[in-house]
Amino acid sequence: MQMGKKLTNEAETELKRSIENLHRLRIAHTGWKDILDEVDDLIDYAPSLNEPGGLMIVGESGAGKSTLLETIRDRYPVPELREDCTLVPCPIISIPSRPTIKSVGQATLLALGDPLWNVKGQYVAELKERIACLTKGCESRALLFDEANHFVDGRRSDSLSQIADWLKELSNSCKIPFIMCGLPRSEAILNFNVQLHRRFNATMELSLIDNSSENVSLTTFNKVVKAISAHDPILSRSGLLDGDFTSRLFVASDGRIGLLVKLLGTALKIAVRRDQIVIDTSAFERSFQRSIWRGAVGKLNPFNPEFKVRRLNKPGEPYAGTTMDPATRGKKS
């Protein structure tokens with residue numbers, strides 16, 4: 001079958017269901033569980049503490065940070081429907097690019113369901129007061145900030161110190177934990193206010209990489225691949241755990257679940273459109289080019305027979321300049 005052949009309605013529906021199931025999966029590996037335990041403690045003990053706490057969660061792109069925040073939100077569902085107010089236990093605030101105090105305040109009001117979140121002429125102090133009032137009225141237990149790296153990226157109208165000061169004041173007013181999630185550089189925002197930094201007891205990294213053992217990373221990744229493949233018949237038939245194939249998936253995704261899901265989803269589409277009952281290596285080779293790195297030609301592609309398994313972190317390659325080195329884990333020099 002040609003790649004461009006149109007699928008039958010039944011096949012298209014089945015493919016969409018497989019892709020949706022793949023993206024809905026929540027794989028609770030060790031690092032994931034550790035962070036959720038820390039979040040639970042932070043939220044559950046907050047009412048008995050004089051000072052609200054905070055947690056910074058960092059991870060490379062594709063590590064699953066946004067999915068983690070969604071999981072935290074879903075662990076604290078709305079307990080009941082109320083006629084007098086809308087309950088929002090753990091709203092997720094997406095930090096806008098090039099943020100200002102005002103834009104962050106408006107994003108927070110939007111996440112809390114305020115219909116007047118973008119009304120013009122609002123003062124910064126007014127935004128803070130409204131957020132504090134809404135978090136109380138909505139019975140919010142924590143504020144979850146996504147894309148915290150936007151605080152430190154590029155130029156903005158308000159300085160980092162001004163934003164950090166405002167976040168500390170907002171924390172004082174809301175009296176609930178703040179959980180921030182972003183790329184590793186996100187941590188820099190905490191250095192601009194001593195009191196804000198003190199409230200964030202620790203920074204936790206979302207990663208499959210564990211420096212305590214050479215074999216932990218690949219072993220954990222194998223479990224993740226096994227859990228994912230069990231949820232789809234094509235994936236389960238495709239031998240993802242055979243031979244060195246898991247190592248190829250590992251370096252192709254850099255050990256990041258988000259990128260692994262993206263790679264597998266594209267490979268599924270290619271296989272279905274080829275009328276294949278399994279995903280062969282050529283489909284994975286094409287998927288890696290389409291979904292992760294267009295320049296992965298020949299021996300630069302992890303699924304090409306000539307590829308020598310290594311991390312793709314050289315200049316010009318997709319994982320150049322990142323902090324993790326998963327491809328060398330589990331290998332002895």
Side-chain angles (χ1 to χ4, degrees), residues 29 31-32 34-39 41-43 52-73 90-108 110-111 131 142-172 174 176-211 254-259 313 318-326:
H29 55 82
W32 183 282
D34 289 344
I35 293 175
L36 290 180
D37 287 344
E38 185 72 21
V39 168
D41 287 345
L42 186 67
I43 293 177
L55 177 66
M56 176 69 75
I57 303 168
V58 300
E60 298 289 354
S61 177
K65 300 183 297 297
S66 295
T67 301
L68 176 65
L69 289 185
E70 292 170 1
T71 301
I72 294 171
R73 177 197 62 198
C90 291
I92 298 177
I93 300 103
S94 182
I95 303 301
S97 58
R98 301 172 63 86
T100 63
I101 293 173
K102 184 175 182 180
S103 66
V104 175
Q106 290 178 326
T108 306
L110 175 62
I131 292 170
L143 295 183
L144 315 181
F145 294 91
D146 197 11
E147 302 286 0
N149 47 283
H150 285 170
F151 283 130
V152 298
D153 292 342
R155 298 175 61 185
R156 59 193 56 76
S157 300
D158 299 328
S159 69
L160 282 175
S161 59
Q162 288 175 312
I163 292 179
D165 291 346
W166 184 79
L167 286 171
K168 185 266 296 181
E169 293 170 3
L170 182 64
S171 175
N172 287 343
C174 294
I176 57 176
F178 284 10
I179 298 169
M180 296 189 184
C181 204
L183 296 173
R185 58 182 177 272
S186 304
E187 208 172 354
I189 186 65
L190 303 180
N191 298 328
F192 286 85
N193 186 287
V194 175
Q195 290 177 302
L196 182 66
H197 192 283
R198 189 183 66 229
R199 292 175 190 183
F200 282 72
N201 297 327
T203 294
M204 302 188 73
E205 182 177 0
L206 180 61
S207 171
L208 293 179
I209 309 307
D210 188 335
N211 294 321
D254 207 38
R256 310 179 198 181
I257 294 179
L259 294 182
N313 63 342
Y319 307 119
T322 54
T323 59
M324 299 184 296
D325 195 355

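This one's a predicted model, so the numbers in the text were calculated from it and none came from an experiment.
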What pair of heavy atoms forms the shortest contact from [X] to [Y], and how long is it?
{"X": "I43", "Y": "C90", "result": "CD1-SG, 4.2 Å"}
{"X": "P52", "Y": "I176", "result": "CB-O, 3.4 Å"}
{"X": "L196", "Y": "I189", "result": "CD2-O, 4.4 Å"}
{"X": "M56", "Y": "F200", "result": "N-CD2, 3.5 Å"}
{"X": "E147", "Y": "I95", "result": "O-CB, 3.5 Å"}
{"X": "D146", "Y": "S66", "result": "OD2-OG, 2.8 Å"}

Hey, could you give me the [atom1]/[atom2] distance between [X] and [Y], rounded to the nearest 0.5 Å?
{"X": "T100", "Y": "Q162", "atom1": "OG1", "atom2": "CD", "result": "10.5 Å"}
{"X": "F178", "Y": "L143", "atom1": "CZ", "atom2": "CG", "result": "5.0 Å"}
{"X": "L69", "Y": "L144", "atom1": "CG", "atom2": "CG", "result": "5.5 Å"}
{"X": "L55", "Y": "I179", "atom1": "CG", "atom2": "CD1", "result": "6.0 Å"}
{"X": "N191", "Y": "L160", "atom1": "CG", "atom2": "CG", "result": "10.0 Å"}

- V58, I257, D34, L68 screened by side chain to side chain contact (heavy atoms under 4.5 Å, CB included) with L206, the one that passes: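 Only match with L206 under side chain to side chain contact (heavy atoms under 4.5 Å, CB included): L68.
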- Item | Criterion side-chain contact (heavy atoms from CB on, under 4.5 Å) on M180 and F151, from CA distance to verdict | CA-CA 11 Å; M180 296 189 184; F151 283 130; 4.3 Å; yes
- Query: Does the side-chain contact (heavy atoms from CB on, under 4.5 Å) test come out yes or no for D153 and S97, once each step is laid out?
  - Reply: CA-CA 8 Å; D153 292 342; S97 58; over 6 Å; no
- Task: Quick one: list whatever passes salt bridge (Lys or Arg N to Asp or Glu O under 4.0 Å) with R73, sequence neighbours left out.
- Result: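 For R73, no residue satisfies salt bridge (Lys or Arg N to Asp or Glu O under 4.0 Å) once neighbours in sequence are set aside.
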- Query: Which residues satisfy the salt bridge (Lys or Arg N to Asp or Glu O under 4.0 Å) test with E38, sequence neighbours excluded?
  - Reply: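 Checked E38 against salt bridge (Lys or Arg N to Asp or Glu O under 4.0 Å); zero matches.
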[X] side-chain N/O to [Y] backbone N/O, donor-acceptor pair under 3.5 Å:
{"X": "K65", "Y": "G59", "value": "yes"}
{"X": "K168", "Y": "H197", "value": "no"}
{"X": "S171", "Y": "L167", "value": "no"}

- Message: I want to check something: taking the side chain as every heavy atom from C-beta on, are P96 and H150 in contact at a cut-off of under 4.5 Å?
- Response: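 Not in contact.
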- Is there side-chain contact between F192 and V152, with at least one heavy-atom pair below 4.5 Å?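 Sidechains of V152 and F192: no contact.
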- Decide whether R199 and N193 meet the rule of one side-chain donor and one side-chain acceptor closer than 3.5 Å.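 No pair is found: no donor N or O on one side chain lies under 3.5 Å from an acceptor on the other.
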